[in-house]
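Heads up: the structure comes next, in structure tokens.
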4 protein chains.
Amino acid sequence: MIAVLKRNASEADKDRVIEVIKGENFDVHPIQGVEKTIIGVLGDQDNRIKLKEKLMTMGCVEKVVVILEPYKLTSWNFKQEKTVIDLGDGVKIGGDELTVMAGPCSVESREQILKTARIVKAGGAQLLRGGAFKPRTSPYSFQGLGEEGLKYMAEAREETGLKIITELMDIEHIDVIMEYTDVIQIGARNMQNYSLLKAIGKLDKPVMLKRGMSATIKEWLLAAEYVMNEGNHDVILCERGVRTFGEETRNTMDLSSIPLVQQISHLPLIADPSHGTGRWELVTPVARAAAAVGADGIMVEVHPEPQNALSDGHQSLKPANYHLMMDELRAIHSSIHRFDAREKKIAYA
Amino acid sequence: MIAVLKRNASEADKDRVIEVIKGENFDVHPIQGVEKTIIGVLGDQDNRIKLKEKLMTMGCVEKVVVILEPYKLTSWNFKQEKTVIDLGDGVKIGGDELTVMAGPCSVESREQILKTARIVKAGGAQLLRGGAFKPRTSPYSFQGLGEEGLKYMAEAREETGLKIITELMDIEHIDVIMEYTDVIQIGARNMQNYSLLKAIGKLDKPVMLKRGMSATIKEWLLAAEYVMNEGNHDVILCERGVRTFGEETRNTMDLSSIPLVQQISHLPLIADPSHGTGRWELVTPVARAAAAVGADGIMVEVHPEPQNALSDGHQSLKPANYHLMMDELRAIHSSIHRFDAREKKIAYA
Amino acid sequence: MIAVLKRNASEADKDRVIEVIKGENFDVHPIQGVEKTIIGVLGDQDNRIKLKEKLMTMGCVEKVVVILEPYKLTSWNFKQEKTVIDLGDGVKIGGDELTVMAGPCSVESREQILKTARIVKAGGAQLLRGGAFKPRTSPYSFQGLGEEGLKYMAEAREETGLKIITELMDIEHIDVIMEYTDVIQIGARNMQNYSLLKAIGKLDKPVMLKRGMSATIKEWLLAAEYVMNEGNHDVILCERGVRTFGEETRNTMDLSSIPLVQQISHLPLIADPSHGTGRWELVTPVARAAAAVGADGIMVEVHPEPQNALSDGHQSLKPANYHLMMDELRAIHSSIHRFDAREKKIAYA
Amino acid sequence: MIAVLKRNASEADKDRVIEVIKGENFDVHPIQGVEKTIIGVLGDQDNRIKLKEKLMTMGCVEKVVVILEPYKLTSWNFKQEKTVIDLGDGVKIGGDELTVMAGPCSVESREQILKTARIVKAGGAQLLRGGAFKPRTSPYSFQGLGEEGLKYMAEAREETGLKIITELMDIEHIDVIMEYTDVIQIGARNMQNYSLLKAIGKLDKPVMLKRGMSATIKEWLLAAEYVMNEGNHDVILCERGVRTFGEETRNTMDLSSIPLVQQISHLPLIADPSHGTGRWELVTPVARAAAAVGADGIMVEVHPEPQNALSDGHQSLKPANYHLMMDELRAIHSSIHRFDAREKKIAYA
């Protein structure tokens, strides 16, 4: 940690700062510049947040720069192998293959989900997505079928062999979700719902953590730390777009977050172009871009009849477009050099 | 609702759109422009989200413009009187007086909270703020004293007569929070934690709902709808800054949101300059601005010794500065024309 | 245009609004909803901005929704063929081939630009980029070599056959820039420098218009209208990232803007991953993503020795990485279905 | 400056970094942490940007943290007295009085500007604002009356004694603007039009520099450095709102920027609530907030008949509202402790 003193800081100020730092049992390395004094601080990392806050309250301290990243378990420093999550039957997330999670926004009926499952299976997806408990901005919108929807998804898995991913919104639904799903999804709105994060951290089930609407990379990885810190290390990160001034799309896909996080973390990364754009005409191009940027997989909304969807129909692909997209994703995935986990860098950088 | 057809939409397209609208039992009012056709849609509002989604999936539809606001209970349309929340002993939120909620970020010890309570009482605040269960970005930061902290706050209330406001992070803490607090605070990170919103909607206790990190005015009011829709109409809104590209402050206070919401809603509005700026030197000027813009109250962090705070010391006021701020807030509050609830407008607009 | 009246608007209000609209010679189509009245307005588009402003000042008008896009010359409506800019010697922008513009941020010396030109030519780029007049955030940074730099670029063109693109910052430099360059670049900071846009609109030289730091799609296309309205229709658009709350990258690449603009406009689109990310490790993955999303070309910074660059070295590719990137871009470009100008849509949407 | 080496940096890496730093004639102060090495760098500030860029290209360097602010002339460090700009006849900007600049967005006619001038004078404003050359997002909007408009403003000054402020968009208009105006306004879109900034830096006339749409505090102050570096030190800064995700207002007023800049710079600060909100109902509350936050003045749009304005009528105050606002601003200004230039801090912080 580096403490920068204000230009007008006196020797006495400097001594007080040093005293505070030593009081917290850190070592002090002052560097006397011509115009400003900076103080290097070395010591116990777990205590540094407290020290930083303390220093920031001192009138003579201009700023405090933290050197070490705040995350532990998510970083390459903690684990040198890329995390690959094996769902069984050859379905892996984080491996060499591009993993596709496709399906409707919401489970609407037995017929709808079975029909969709056959389509996405035929196109080559490995997981079926679908919401049974839906977070909706308005309390007056369709909120999902609940357990009934999960039963239909399980039936679709039975028939097609697809694995299931569905969203957990609430601690009280943990048991019912655990009974049916292969991967638990945590939505963007819950990325900093710490009680929920701690609860799933105690489960023995892979979790996909969507990036919050306006979460920084740091906040996103720290949310993953909440889960991992409780013992569950099977965490997948999902970029689903961030909020910007843009008016034309639902969100703005931040695709550079994928290679950026790959440099910091061993966790697999999925991209969701459906929520990232909110417009079906943009889903395929952005899905291609996500594959090209080096994502480990794609989550995409597909509906047999988007015009009859109860939610997000406007961002769902029709079956024919979904199949065309899958062909392109395969071609792109096979034509790029991906991030090299052994080298901890973009393959050729 | 207005559906705008694409430039190249055919007569057949237009007929199909009309058919879909009528199929959902809405009335159709087409307007044939020179370059584009727009279709006015009238009918049952509760069904409109479904119709909108349906229309947005149609290739010939360029956009759908919703005319009526999505909120009901929060709006002047539902309730013509300004909501004033009476906490007893003359403490009101939303009335003619400026309500001040002051105290530390976290309850750290019995001494700290009692000492702070005496300071904030002396300065004229009506409520004591303090966190017992803390949401922290990092799982490795101080998480609060829990019920012990609430006990200390209750003791402070006993001694000073201040009312208490503290944050509820989690459904499982409802009983313990209900036992001690006068107002429940819902933090920015939980603004769209719908399970939590529904749970507090069933309680008989005032709730202060902080605006989410990047929530639009619409999303903020719809979150309040979640609470009110369950029966609890004692909702207070709190502007605490939004996330922007700004690097120098923790958030960017969106003070125009206060007069803006006053035009739409009868709910009281509080401003939190401590979280809005994240820097103690900026808290007082921004608190003054919040009073001047017409807020019903201010929530502000005060600490007897910010340099020893376990959290947010850098954005806490020292006692002397708090007292100076209070004098200014009173002077400003008494010198402005505030929003006129009867006129449903800024007094003189 | 649609005018929405406030809930409490009286019949008299409605009549006044209709009067104002008719006074500007527009036709009126009122639709009387249960809760609100909306008024459809038809007529001369050139006059609508004035009418909109007028209506927005009326206390009884809640909002005014404009139906027709504000742009003319940039839209498919004006021109049904995709714009392809032919620079001669087989170099085209907007055609079937992916056009690559590569080179240093700034021209630093004769040796540097010649050396770079040979590298980028060998990798398959068609244009050489390089700044002679540099816009720098600080007046104390290197500002470019001026005409001397242009001479070196011309020499590089002589030797390699590469076309040249360089930035015009200032009307007073038009003559010198015109003498040397094949394409004029307008930087993000000047996207709304209307005097400059009008001046280049009178020139007979292709122009690449970078998207402003926080420009909406609409503002970007309207800036292109400024150029085209003066007669110069050879405009290329360049997505170079927008400003968001993100701290880790220089900007946030908004790649969905590319298929989005392709649906509206016939102009070619280039992506600049160097400025879009500001970090060389991210340039190649984001360049691949730009090719995959359907861009007509890529502008990328390449430097023989980034560590000795006078500007932007941290976002410049080393020669070896540039060559690897080019191989990937070719593979991706050939494996996707691009936007179909005849169909005016993403090929298969 | 501080260079942070990557976790896996070798001794050889460290030596290379030190060599590069010494090669640029800086002193080196390495601090060996347990997990990372950081290197303190001391030396000639003018050369640091070059060194920083060099270091950032080195694979073993994680980040470079600059300690000293990039600005010189704008900072308290350069000038210890608050800058007060005296326009004569007792009109000052940056002094103890709140300076109000009021008038229409555009000069539309002789009658309109004379009528407005009388109104704003009667209300107590010291300057008359009005645009003769207008920057408009669309080339198809009203662009202003040009010199004719300036003549009318001069006539209004003659009659009322108000000083004049008007926008300069273009170097070629410098002579005509200089002939008429008392203060030159540079608009948000031109904040980084460096050619224009350098040109006005050579003039002997006060300049008001509006903050760019998404300019950071640093970029804003560096734009002022461009002007001051050419010799013109009479610079006024104007906060006019920044672009955020907010949909309901034209911009988001960043009022905390005012006390923030006051801590860094001796330049006077004006706030523009008309452009900051874009809605006349919000102008007065936000103007009050700007006065309360400690601004040196307010720029506000006033129009005798907003419904007939050729531009920005929707954000212009009617005369009666303007007068009410002025009374409130005076009351607020007199009731606060403002930033103390001698103490270089908020008076009582």
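Chain letters run A, B, ... following the sequence lines, proteins first and then strands; every chain starts at 1.
- The neighbour count for A:Glu97 CD, taken as heavy atoms of other residues, nucleotides or ligands under 6.0 Å away, does not exceed 12.
- For the pair C:Thr284/C:Tyr322, no side-chain contact is recorded, criterion being any heavy-atom separation below 4.5 Å from C-beta on.
- Looking only at heavy-atom pairs under 4.5 Å with chain C, the residue among A:Thr277, A:Thr216, A:Val283 that has the most is A:Thr216.
- Other residues, nucleotides and ligands contribute at most 12 non-hydrogen atoms within 6.0 Å of the NZ atom of A:Lys218.
- Interface summary for chain C: among A:Ser335, A:Gly241, A:Ser257, A:Ala289, the most heavy-atom pairs under 4.5 angstrom belong to A:Ala289.
- Only the backbone of A:Ala215 comes within less than 4.5 Å of a heavy atom of chain C; no side-chain atom from C-beta onward does.
- Under the 3.5 Å distance criterion, the side-chain polar atoms of C:Gln262 are matched with a main-chain donor or acceptor of C:Gly294.
- When each of C:Arg250, C:His303, C:Arg279 is tested with C:Gln315 by the rule side-chain hydrogen bond (donor to acceptor under 3.5 Å, both in side chains), just one qualifies, namely C:Arg250.
- Looking at A:Ser256, the atoms closer than 4.5 Å to chain C (heavy atoms on both sides) sit in the backbone and in the side chain alike.
- In terms of heavy-atom pairs under 4.5 angstrom with chain C, the leader among A:Ile258, A:Asp327, A:Leu260, A:Ile332 is A:Leu260.
- Here A:Ser214 is the residue among A:Ser214, A:Ala287, A:Ala320 with the most heavy-atom pairs under 4.5 Å with chain C.
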